[in-house]
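In what follows, a structure is listed as structure tokens, so that the remarks can point back to it.
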Amino acid sequence: MFQKKYKDALSSPVSGELIRRTAAQMEECKTKKVPKSSPLPLSRTLGVAAAFAFVLLTGIGSTLYIQHSKDGAAPEQMERIMDTGMTTAAGSEIFAEQESVAAYGLETASVDDDFDKVFPEKGEEPAAESIAETVLSAEPIAGTFSFDDALAAYKVSDPGVYYDGFKNTSEFAVRNEQEALERAKRECTVEYDRISVSYDEAEDIWRIVFSAEGILGGSQDVYLDSNGVTHLIVYGE
Amino acid sequence: MEAAAYSKDADINQTLEKYSDLVYKLALSRTKNPSDAEDIFQEVFLKYMTARVLFENEEHKKAWLIRVTVNCTKKLFSSAWFRHHASLTDDTLHLSSEFEIRDEEGVLGAVQKLPESYRIVVHLFYYEDMSIKDISAALNKKEGTVKSLLNRARGQLREMLGEEEISDVSEKI
């Protein structure tokens, strides 16, 4: 019953105009082959060849190689140039050809590669340990935080465990530990003089622990996601 | 490689036709706003066109489109513009756009009230008929996490819609 009603509510087809407009943009994108991936003109190819030769000779080729690979070049082809000692002119020819190939979407990349490309700030998220060091806590939580482990450990029926009834139910983007902390304070109902913040990157969940020195069982763990929505609160750890 | 290149170039209309519903409605379920969903729809398919991805099969392509849609909406949620305008867009689901929403029973409204992480798994499970395993692969979450999210979403839906309305949900999970 629920599923049928939910599907019915969304049964209207997507606007034909939107599809046509998007198809036109995709066609345009295809014919332009995207500026950053288009084959290089001769003058630029020569320039690239000269630059390429320079960086190879000065020994920082590997740095550029890594950088270029990040930008989408085929690592195998670049590796081949490096390994075989091919001339830089030939190398740049392959380089240009590879750019052309890339424009047709022949590169292989995992979904994860694209995930990082689409949402690069993800890679800038600080590690849980470094967060704990930088945010207040004199006694940071040891070990790696896993939201999955927390879900497994805390059952709905356990005392002091809450999976609903939260204040943070609307979305408010949380992008760093300070924002996570501020958001979690809205849920805090215990006295505290210590705070630690950790982040589970796999599940995109922040854990903020409020506690007070000398008070046993008086802590409160708040788990919230990067949209600022609280998922779990545990008291008395 | 040649065949793959031809495929990527030639299948614009086919891909749009096949996945427009998936991408648009997933974007709508996340943004709750038809205009934002349209923007994300276009962004996703343009990324599809320019991405250097050789899809192994249709499942891979579908999972990729889901991931990119999710990422695009995350980016939208993180944007300064969205953060300053979020309060205005919360209830715009029933406004404007060519896309018609028929929610006489309030089911969609209830789903839209769920936290975002619950909403996406509910949508993929009940609208896209994806298995927990497929959702787990598409969202890069453990199957146990997807089950937990679905169960908690079900609990909140039960509170909003009543036990009777949601009984089939319990059975499916």
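No experiment lies behind these values; they were computed from the predicted model shown. Letters A, B, ... are given to chains in the order of the sequence lines, protein chains preceding strands, and every chain is numbered from 1. Below, each value reflects all heavy atoms present in this structure, side chains not excepted, and no hydrogens, waters or symmetry copies.
A 6.0 Å sphere centred on NZ of A/Lys7 holds more than 12 heavy atoms belonging to other residues, nucleotides or ligands.
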**OP:** Kindly indicate, with the supporting measurements, whether the criterion salt bridge (charged side-chain N to carboxylate O under 4.0 Å, His left out) is fulfilled by B/Lys25 and B/Glu128.
**Re:** CA-CA 10 Å; B/Lys25 288 171 188 175; B/Glu128 295 296 337; over 6 Å; no
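In terms of heavy-atom pairs under 4.5 angstrom with chain A, the leader among B/Gln42, B/His123, B/Gln156 is B/Gln42. Considering only heavy-atom pairs separated by less than 4.5 Å from chain A, the leading option among B/Ala37, B/Ser148, B/Ser117, B/Gly144 is B/Ser117.
Contact of the B/Glu58 side chain with the B/Lys18 side chain is registered, since non-hydrogen atoms from C-beta on lie closer than 4.5 Å.
Only the side chain of B/Glu159 comes within less than 4.5 Å of a heavy atom in chain A; its backbone stays farther off. Heavy atoms closer than 4.5 Å to chain A are found nowhere in B/Thr15, neither backbone nor side chain. With a 4.5 angstrom heavy-atom cutoff, A/Ile19 touches chain B via backbone and side-chain atoms both. The contact between B/Ser20 and chain A is made by backbone and side chain atoms together, counting heavy-atom distances below 4.5 Å.
No close placement of the A/Tyr223 and A/Tyr162 rings is indicated, their centers lying 6.0 Å or farther apart.
Every salt bridge (Lys or Arg N to Asp or Glu O under 4.0 Å) that A/Glu182 has, sequence neighbours left out, goes to A/Lys185.
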